[in-house]
Amino acid sequence: MPRIANLRGADALFGMIKGEDVAPTRTLHLSRLFRDNVTPSTGTRLLENTFNFS
Amino acid sequence: MVKNLAKKAMTTKGQKACYVIDHLVEALGNEPSSSLRRAMILVDIDQHPGTTQVGIMERLHIHKSAVNREIEWLFNYGCIKMSDSERDGRVKKIEVYGYAKTALDAAMDYFEGNHRNMQLFLEEFSRFLKQEKPTLRDAKIIASLYEMKDAPKQAVIDKLYRGPSSTDNRAFNKLIEEGVIEDA
């Protein structure tokens with residue numbers, strides 16, 4: 001099965017994309033919860049980040 | 001806007017790379033055979049609106065004839081507009097324009113609008129691909145395969161741009177030949 005030879009290099013390369021650092025706002029976090037592909041663990045993390053509880 | 005930000009926040013590195021490449025392909029006339037160098041020229045023009053060909057040559061260290069060729073291509077595809085310089089009638093000022101600007105802005109969102117970071121990404125990607133003249137198609141193959149971890153060749157090719165299958169297959173095989181992709 002084909003795969004990338006230098007996976008570590010690819011990790012570093014694609015790590016240069018900073019899309020995840022978009023401005024975190026409450027509206028943003030809450031809107032994510034309504035997406036149907038949010039897993040329970042992701043939802044919990046988003047709520048923790050949004051409301052600072054854990 | 002918020003929806004877009006949420007979308008980006010939920011995506012993986014591989015998906016983001018695919019989106020960036022898709023936006024660049026769109027910015028370059030939906031031509032996946034466009035080289036990463038062409039994309040770098042477009043990004044450079046966007047970073048320096050009103051620049052001249054000489055400016056591009058100096059900043060990107062690209063030969064005059066190559067810049068000439070790429071600028072002609074970008075102009076013919078409606079990606080840039082050129083206007084006369086007020087100071088020197090022989091000089092044309094160049095700007096990214098229309099659909100190319102819209103699509104490039106969408107790609108730039110993934111770099112928080114930082115052109116230098118986008119250029120570094122494209123430079124690194126060019127080195128990673130080990131091709132003489134890497135294309136956005138090559139880049140999409142790698143980003144798609146990265147996202148899928150390991151996948152049958154056809155599954156990766158299905159993620160491309162519905163071009164001639166012989167071209168897609170050739171590009172994939174070239175990446176195997178160069179050792180960028182392992183086919184165990």
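A, B, ... follow the sequence lines: proteins, then strands. Residue 1 opens every chain.
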Is atom [atom1] of [X] surrounded by more than 12 heavy atoms (other residues, nucleotides or ligands) closer than 6.0 Å?
| X | atom1 | result |
| --- | --- | --- |
| Lys153(B) | NZ | yes |
| Phe75(B) | CZ | no |
| Lys149(B) | NZ | yes |

List for me each residue that meets side-chain hydrogen bond (donor to acceptor under 3.5 Å, both in side chains) alongside Lys101(B), sequence neighbours excluded, and say none if there are none.
-> Asp46(B), Asp105(B)
Pairs in or reaching into residues 175-184 of chain B: which pass side-chain hydrogen bond (donor to acceptor under 3.5 Å, both in side chains), with residues at least two apart or in two chains?
-> Arg3(A)-Glu182(B)
Roughly how far, to the nearest 0.5 Å, is the [atom2] atom of [Y] from the [atom1] atom of [X]?
| X | Y | atom1 | atom2 | result |
| --- | --- | --- | --- | --- |
| Ile4(A) | Leu175(B) | CD1 | CG | 9.5 Å |
| Met16(A) | Met118(B) | CE | CE | 11.0 Å |
| Leu129(B) | Leu13(A) | CG | CG | 8.0 Å |

What do you reckon, are the aromatic ring centroids of Phe125(B) and Phe14(A) less than 6.0 Å apart?
-> yes
Quick one: do [X] and [Y] end up in the same hydrophobic cluster if we chain Ile, Leu, Val, Met, Phe, Trp and Tyr together by side-chain heavy atoms under 4.5 Å apart?
| X | Y | result |
| --- | --- | --- |
| Phe121(B) | Leu60(B) | yes |
| Phe172(B) | Met148(B) | yes |
| Ile62(B) | Val54(B) | no |

Need one label for [X]: side chain, backbone, both or neither, based on atoms under 4.5 Å from any heavy atom in chain A.
| X | answer |
| --- | --- |
| Ala143(B) | both |
| Ala17(B) | both |
| Phe128(B) | side chain |

Provide the closest heavy-atom pair for Ala151(B) versus Pro2(A) in the form atom of the first, atom of the second, distance.
-> O-CD, 3.0 Å
If you count heavy-atom pairs under 4.5 Å with chain A, which of Ile181(B), Leu145(B), Val180(B) comes out on top?
-> Leu145(B)
Interface check, chain A: of Ile142(B), Asn117(B), Val20(B), Ile141(B), most non-hydrogen pairs under 4.5 Å belong to Ile142(B)
Are the side chain of Lys13(B) and the backbone N or O of Ile17(A) linked by a donor-acceptor pair below 3.5 Å?
-> no
